[in-house]
Amino acid sequence: QVQFVESGGGLVQPGGSLRLSCAASGFFLNDYAVGWFRQAPGKEREGVSCSSASDGSTFSVDSVKGRFTVSRDNAKNTVYLEMNNLKPEDTAVYYCAADLMRRRCAGMGPRHNYNYWGKGTLVTVTS
């Protein structure tokens, strides 16, 4: 079965940190850019960060730039999202997905490129 499985979410205080993992099964993610997205209650799903397939380049949206770092370990078929200095507005379900049309991130790219969505992991930032 082709899928991503996200993990690592939880409850954290403002200013805290979490590391999310996104493990791929049924395919090799070293051929694809992989994006992290999030969906807060009552809001649309939005792109957060993107990890390129092979050259190590990444992209993050302005709201998380300098706080979130995306990385990958192709040998483990896993992408990570290191989140620091978390804010209440970061509260959301976080998802990952593969961009089947790109190997390199130049921005998040169009949503319709993304496939193999996981079920997400909940991050709650509250004091």
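Position 1 is the first residue of the sequence, and the numbers go up from there.
Checked against side-chain contact (heavy atoms from CB on, under 4.5 Å), Asn115 has the following partners two or more places apart in sequence or in another chain: Leu100.
Nearest heavy-atom pair, Cys22 versus Trp36, reported as atom, atom and distance to 0.1 Å: CB-CZ2, 3.4 Å. Closest approach of Ser49 to Ser60, counting heavy atoms only: OG-OG, 2.8 Å. Minimum interatomic distance between Ser17 and Asn84 (heavy atoms only, all atoms of both residues): OG-OD1, 2.8 Å. Across every non-hydrogen atom of Ala97 and Tyr114, the tightest pair is O-CD2, 3.6 Å.
The 12-atom threshold is exceeded at NZ of Lys65, counting heavy atoms of other residues, nucleotides or ligands nearer than 6.0 Å.
Taken from OG1 in Thr124 to CG in Leu86, the straight-line distance is 10.5 Å, to the nearest 0.5 Å. Here the OG-CZ distance, from Ser52 to Arg72, works out to 7.5 Å after rounding to the nearest 0.5 Å. The CG atom of Leu20 lies 12.5 Å from the OG1 atom of Thr78; values are rounded to the nearest 0.5 Å. Rounding to the nearest 0.5 Å gives a distance of 5.0 Å between CZ of Arg102 and SG of Cys50. In this structure, Asn113 CG and Arg111 CZ are separated by 11.0 Å, a value rounded to the nearest 0.5 Å. How far CG of Asp73 is from OG of Ser21: 10.5 Å, rounded to the nearest 0.5 Å.
In this structure, the side chains of Ser57 and Arg104 come closer than 4.5 Å at one or more pairs of heavy atoms.
The backbone N or O of Asn77 lies less than 3.5 Å from no partner atom in the side chain of Asn30, so there is not a single donor-acceptor pair. Arg103 contributes no side-chain N or O that, together with a main-chain N or O of Ala53, makes up a donor-acceptor pair within less than 3.5 Å. At least one donor-acceptor pair under 3.5 Å links the side chain of Thr91 to the backbone N or O of Val125.
Residues Met108 and Tyr80 fall into different hydrophobic clusters, defined by Ile, Leu, Val, Met, Phe, Trp and Tyr side chains chained together at heavy-atom separations under 4.5 Å. Val2 and Met101 end up in different hydrophobic clusters when Ile, Leu, Val, Met, Phe, Trp and Tyr side chains are linked at under 4.5 Å. Taken together through direct or relayed side-chain contacts under 4.5 Å among Ile, Leu, Val, Met, Phe, Trp and Tyr, Val48 and Leu122 form part of one hydrophobic cluster.
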What donor-acceptor contacts under 3.5 angstrom involve side-chain atoms of residues 37-44, with partners at least two apart or in another chain?
residue : atom : partner : partner atom : Å
Arg38   : NE   : Glu46   : OE2          : 2.7
Arg38   : NH1  : Asp90   : OD1          : 2.9
Arg38   : NH1  : Tyr94   : OH           : 3.0
Arg38   : NH2  : Glu46   : OE2          : 3.3
Gln39   : OE1  : Arg45   : NE           : 3.4
Gln39   : OE1  : Arg45   : NH2          : 3.4
Gln39   : NE2  : Lys43   : O            : 3.1

Can you give the donor-acceptor pairs under 3.5 Å from side chains of residues 4-16 to other protein atoms, not counting sequence neighbours?
residue : atom : partner : partner atom : Å
Glu6    : OE1  : Lys119  : N            : 3.1
Glu6    : OE1  : Gly120  : N            : 2.8
Glu6    : OE2  : Cys96   : N            : 2.9
Glu6    : OE2  : Gly118  : N            : 3.4

One pair to check against side-chain contact (heavy atoms from CB on, under 4.5 Å): Tyr32 and Phe27. What are the steps and the verdict? CA-CA 10 Å; Tyr32 308 109; Phe27 73 104; 3.8 Å; yes
